[in-house]
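Note sheet for the following structure.
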Amino acid sequence: PDVEPIKGDAVYVFNGPSNASTIKEFVGWGKEAGTKPGWLKLRGWRDPDQWNRQVEYHLEMPSAQVTEIATVVCVRRRM
C-alpha cells in the first residue's frame with residue numbers, strides 16, 4: 001500500500017462513499033491520464049461476448065472518493 005502505482009499496474013481500489021471495490025488497470029491521475037485534475041482514471045474490460053471478444057472501457061472517479069488504492073501483487077481465486 002505504500003508504493004505509488006505506475007501506468008499499467010493492476011490496482012485494487014476501494015470507493016468509500018459507495019462501499020465498493022474493484023481491481024482494474026491503472027491509467028493515471030488527472031491531466032497525466034487525460035482526465036480532470038483530481039480524478040483517477042482506470043481501464044477495464046467487459047465480460048466476453050458470444051465470440052469471446054472483450055470490449056475495453058475507462059472508469060474515471062474523483063480521487064476524493066478513493067479511500068484506498070494498492071498495487072495488486074497476487075490475486076487468489078476461491079474455488
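Being a predicted model, the structure only gives us computed values, none of them experimental. Position 1 is the first residue of the sequence; numbering continues from there.
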Using atom types as modelled and distance alone, determine if a side-chain donor or acceptor of S63 lies under 3.5 Å from a backbone N or O of G38. yes

I would like to know whether V66 and N15 meet side-chain contact (heavy atoms from CB on, under 4.5 Å); could you show each step before the answer? CA-CA 5 Å; V66 178; N15 182 334; over 6 Å; no

Over all heavy atoms of both residues, which pair between W45 and Y57 is shortest? Give the atoms and the distance, please. N-CE2, 3.5 Å

Donor-acceptor contact present, side-chain Q54 to main-chain R46, <3.5 Å: yes

Going only through I, L, V, M, F, W and Y residues with side-chain contacts under 4.5 Å, is there a path from F14 to I23? yes

For R53, salt bridge (charged side-chain N to carboxylate O under 4.0 Å, His left out) partners two or more places apart: D49

For residues 19-30, pull every pair meeting salt bridge (charged side-chain N to carboxylate O under 4.0 Å, His left out), keeping only residues two or more places apart or in separate chains. E25-R43

Value for CD (E68) from OH (Y12), rounded to nearest 0.5 Å, stands at 5.5 Å

Search all heavy atoms of V11 against all heavy atoms of P5 and return the closest pair with its distance. CG1-CB, 3.6 Å

Working note: L42 + V27, criterion side-chain contact (heavy atoms from CB on, under 4.5 Å); need CA distance, chi angles, decisive distance, verdict. CA-CA 5 Å; L42 305 168; V27 176; 5.6 Å; no

Pairs satisfying salt bridge (charged side-chain N to carboxylate O under 4.0 Å, His left out), at least one member in residues 5-16, at least two apart: none

How about L40 and F26: do any of their side-chain heavy atoms sit closer than 4.5 Å? yes

The reported gap from OG in S18 to CD in Q65 (rounded to nearest 0.5 angstrom) is 7.0 Å

W29 and E4 side chains, donor-acceptor separation under 3.5 Å: yes

